[in-house]
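As structure tokens, the structure follows; a few thoughts come after it.
Protein chains get the first letters and strands the later ones, always in sequence-line order, with residue 1 at the start of each.
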Amino acid sequence: MSIYDTLNEQQKQGVFTVEGPVLLLAGAGSGKTRVLTHRIAYLIEEIGINPWNIMAITFTNKAAGEMKERVEDLVGFGSDSIWVTTFHSTCVRILRRFIDRLGYDNNFVIYDTDDQKSLVKDICKRLNIDTKMFKERVIMSAISSAKDELILPNEYSMGTGGDYRKQKIAQVYQEYQAALKKNNAVDFDDLIMLTVELFKSCPDVLESYQNRFKYIMVDEYQDTNTAQFELIRLLAAANRNLCVVGDDDQSIYKFRGANIRNILDFEHHYPEATVIRLEQNYRSTQNVLDAANAVIRNNSRRKEKALWTDKGAGNRIHFRPFENAYEEAEFVADDIARKQREGIVEYGECAVLFRTNAQARLLEERFVVEGIPYDVVGGVNFYSRREIKDLLAYLKTVDNGRDDLSVKRIINVPKRGIGATTIAKVQDYADMHEISFFDALTVAENIPGLGKSVSKLTAFVSMIRVFRGKLEFAGLEALIKEILETTEYIKEMDAADEEDALARAENVDELISKIVAYEETHDEPTLSEFLEEVALVSDVDRLEDDNNRVLLMTLHSAKGLEFAHVYLTGMEDGVFPSYMTITSDDTGEIEEERRLAYVGITRAKEDLTLCAAKMRMIRGETQYNAVSRFVKEIPTELLDNKPPMSRQYDADMDTGAENRISKYNPMYNTMMRSKPVATVAPKRTAAENKPFIASGVGDFGKLGIVKGAGTASGGKPDYDAGDRVRHIKYGEGTVIDLEPGPRDYKVTVDFDDVGQKIMYAAFAKLKKL
DNA sequence: TAGTTGGGTTTTTTT
DNA sequence: AACCCAACTA
């Protein structure tokens, strides 16, 4: 009995074919991670390859972490020295050693999207480019695409032809790249592009990595862009032991440069490649698979696959249309609560998916009201929050004064009376003398026209110097605490008040915990390394699956995950597929959306529910949308409820786009001004909503346990009517009513800020004041 | 210089 | 609806 016995024939072939290029076409849920991990084990234990010679590349830290863990379980020791990382961290590691060959300092900083934007903005100002006509967004994405395609500024300039806009973008690109270098900074795209550049200009470096990485595996290959393709091609060129795993049907990242041709043309690039198809699905029921297959079949450019399962048909797909998005949210929350109550499924096995992050809000509100534990994945990245970015800017300034952007971000945060004019004068001086902004600050007394501001600037510089000393002699944790104390950052935050000051303070605490955790887990912790780790994490990375909460996330975030019960919400033309893709002339865009639908459907193991709302508020506009074409692509016999075909539901919006109600639509006047009763869904307060108990579910029965809340239910809370309490989200309020329910105490609270809410005591986690 | 207000603007997705 | 930015006021 060996670890390979449990694999099916195709999986075995994938594991045992270790020489030469291999294309593993792995359908959703076909066990590709199992193949990869077993393959690594096989290489080490059966072929005797040194773990040091193996590299496995993924896209997310989470995927890398999981793979590392699973490899560790399979091979006894030696797994530490396998490179299992993401593209971006691989490149950072390489560049940290060799980027000086390209004229950067090895302690470069990594710019995120915000940083890029302010840089582009600066440059536009300098070049007299009107950002009303040339939006930063557009310029940034043009630059990003160029980098994904390995087009350097010079080449870009040459390719502009007579196109005025392109010429302008080329100018900005040129300046932008120069500014990055001057700030000793790189952006996300640079990480890949510069590594390729390094390999091409320094054959000795490339060779050393080729000698090291004799066996290379790439996960989610359908998501690679041209630069990543080239990187892998170079690394694998010497040994050609390259195994790529992917599913062209799950390619959903075209917007960030993913080139689906990379996987479609693999056999063209590597004619000797072995192609293996993993078609047995171990995840979903036949009905779920049939639905997924029925949808994806409508795409033209794809490799035919026939996913099958030996699981039974399972439940039919539920389709639930609603009048508006409120009802949709209510249904999803009620349905999950019901299933949990009846012991059908636990919260942690449910996921609610949607196209855009904005859709989370309504669902979230409803989950709070009903006291269902949930987590929203994604949205604003932890490290993109203002307070975190501020503190990171302090850390970056302490670490590397060459990063002008960070210095400028914090020089007047909290307020020190250093204004725009002063900053401009310092910048002029820095430009003139070709020194960094921070270095200019250190000689502020030489800068003409600053007047009284000089003392403020020198005070700032000495503060940073004190911080540097602190770091050197007392470490990271001491540094961040010193920064917080000296700047009185928290106090300034409170002074600026807002109800989210508390949440921000919590974020700051979380950052401190991360710093402490980092220091504890590393033998030689450095500030630079910490900043680097922090720059490359996403929200999905920190997903923990042991806390039994319903997960709310976008379809993109859900890729690679699976859940027993899945709800796809907002299944409407104009929402999903999105309005942009419907109106685009590029038919490839709708195919990408369809792949996204395929990804969503195939997340479900047992049960899938599709929801649609006839009416929904988007960006402050009420829209009427037809049921998503993707729902209609599913054969009705797989559904328990037909998509409505009646004129009433479909007539005024069958094709969606031209019938949406908007200010730009000729229908706007008649439809909006006359305000048909149903058009404006009033924002309902919790108190107006039916209490959860009355939603027609009947007896809550005997299940006395509130799963996953972590709090025992049934006990009487320590507060009573009339008491003042605090809720983590709603703040302070007065308890109006506390009544025992069949399962748990139901508490009504009148919050000072948000009004009355009814919730279950076990979930509300109210603190008596 | 700092704080406020009003206007204009929102590809959806993220390493 | 929400956010960002520029212009304005104190």
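The salt bridge (Lys or Arg N to Asp or Glu O under 4.0 Å) pairs that include a residue from residues 579-594 of chain A are A:Lys254-A:Asp586, A:Arg355-A:Glu593, A:Glu592-A:Arg595, A:Arg594-A:Glu633, where partners are two or more places apart or lie in different chains. Among residues at least two apart or in separate chains, salt bridge (Lys or Arg N to Asp or Glu O under 4.0 Å) pairs with a member in residues 218-228 of chain A are A:Lys32-A:Asp219, A:Lys32-A:Glu220, A:Glu220-A:Lys559, A:Asp223-A:Lys559.
OP1 or OP2 of B:dT1 sits under 4.0 Å from a side-chain N or O of A:Thr421. Note on A:Ser584: every side-chain N or O is 4.0 Å or more away from OP1 and OP2 of B:dT11. Proximity of A:Ser141 to the phosphate of B:dT11: no side-chain N or O atom is located under 4.0 Å from OP1 or OP2. A sub-4.0 Å separation between OP1 or OP2 of B:dT1 and a side-chain N or O of A:Thr422 is present. Contact annotation: A:Arg386 side-chain N/O to C:dC3 OP1/OP2 distance is not under 4.0 Å.
Straight-line distance between the C1' atoms of B:dT11 and C:dA6: roughly 25 Å, to the nearest whole Å.
Rounded to a whole Å, the CZ atom of A:Arg594 is 18 Å from the C1' atom of B:dT13. A:Arg137 has its CZ atom 6 Å from the P atom of B:dT11, to the nearest Å. If you measure from atom NZ of A:Lys117 to atom P of B:dT9, you get 14 Å, rounded to the nearest angstrom. If you measure from atom CD of A:Glu591 to atom P of B:dT13, you get 22 Å, rounded to the nearest angstrom. In this entry the distance linking CG of A:Leu450 with C1' of B:dT1 reads 15 Å, nearest Å. As a whole-Å value, the separation of A:Met580 CE from B:dT11 P is 8 Å. In this structure, CG of A:Leu536 is placed 10 Å from P of B:dT15, rounded to the nearest angstrom. Between A:Leu596 atom CG and B:dT11 atom C1' the separation is 14 Å, expressed in whole Å.
Under the rule for a salt bridge (Lys or Arg N to Asp or Glu O under 4.0 Å), the partners of A:Asp248 that lie at least two apart in sequence or sit in another chain are A:Lys305.
Counting non-hydrogen atoms under 4.0 angstrom, A:Lys121 reaches the backbone sugars and phosphates but no base.
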Anything under 3.5 Å between a donor and an acceptor, one on a side chain of residues 407-419 of chain A, the other on a protein residue two or more places apart or in another chain? List them.
from: A:Lys408; atom 1: NZ; to: A:Gln427; atom 2: OE1; distance (Å): 2.7
from: A:Arg409; atom 1: NE; to: A:Asp390; atom 2: OD1; distance (Å): 2.8
from: A:Arg409; atom 1: NH2; to: A:Asp390; atom 2: OD1; distance (Å): 3.2
from: A:Asn412; atom 1: OD1; to: A:Arg416; atom 2: N; distance (Å): 2.7
from: A:Asn412; atom 1: OD1; to: A:Gly417; atom 2: N; distance (Å): 3.2
from: A:Asn412; atom 1: OD1; to: A:Ile418; atom 2: N; distance (Å): 3.2
from: A:Asn412; atom 1: ND2; to: A:Ile418; atom 2: O; distance (Å): 2.9
from: A:Arg416; atom 1: NH1; to: A:Ile410; atom 2: O; distance (Å): 2.8
from: A:Arg416; atom 1: NH1; to: A:Ile411; atom 2: O; distance (Å): 2.9
from: A:Arg416; atom 1: NH2; to: A:Tyr394; atom 2: OH; distance (Å): 2.5

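Applying the 5.5 angstrom centroid cut-off and the 30 degree plane-angle cut-off, the aromatic ring of A:Phe255 is stacked upon the base of B:dT13.
For the residue pair A:Gln116 and A:Lys121, no side-chain donor N or O sits within less than 3.5 Å of a side-chain acceptor on the partner. A side-chain donor from one of A:Gln177 and A:Asp190 sits under 3.5 Å from a side-chain acceptor of the other. For the residue pair A:Thr581 / A:Ser584, no side-chain donor-acceptor distance below 3.5 Å is found, with atom types taken as modelled.
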Output one line per pair: protein atom, nucleotide atom from nucleotides 2-7 of chain B, and distance, for all N/O pairs under 3.5 Å.
from: B:dA2; atom 1: OP1; to: A:Gly417; atom 2: N; distance (Å): 3.4
from: B:dA2; atom 1: OP2; to: A:Asn412; atom 2: ND2; distance (Å): 3.4

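Along DNA chain B, the nucleotide nearest to A:Glu593 and the one nearest to A:Phe59 differ in position, and the one closer to the 5' end is contacted by A:Glu593.
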Quiz item: Going through the checks in order, is the side chain to side chain contact (heavy atoms under 4.5 Å, CB included) test met by A:Leu353 and A:Thr569?
Solution: CA-CA 6 Å; A:Leu353 311 181; A:Thr569 62; over 6 Å; no
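Between A:Phe255 and A:His556, the distance separating the two ring centers is shorter than 6.0 angstrom. The six-membered or imidazole ring of A:His88 lies away from that of A:Phe59, with a centre-to-centre distance of 6.0 Å or more.
Closest to the side chain of A:Lys135, from the set B:dT11, B:dT9, B:dT15, is B:dT9. For A:His88, whose side chain is taken as the heavy atoms from C-beta onward, the closest listed nucleotide among B:dT1, B:dT15, C:dA1 is B:dT15.
Of the residues in residues 356-363 of chain A, A:Thr356, A:Asn357 come within less than 4.0 Å of DNA chain B through at least one heavy atom, sorted by number.
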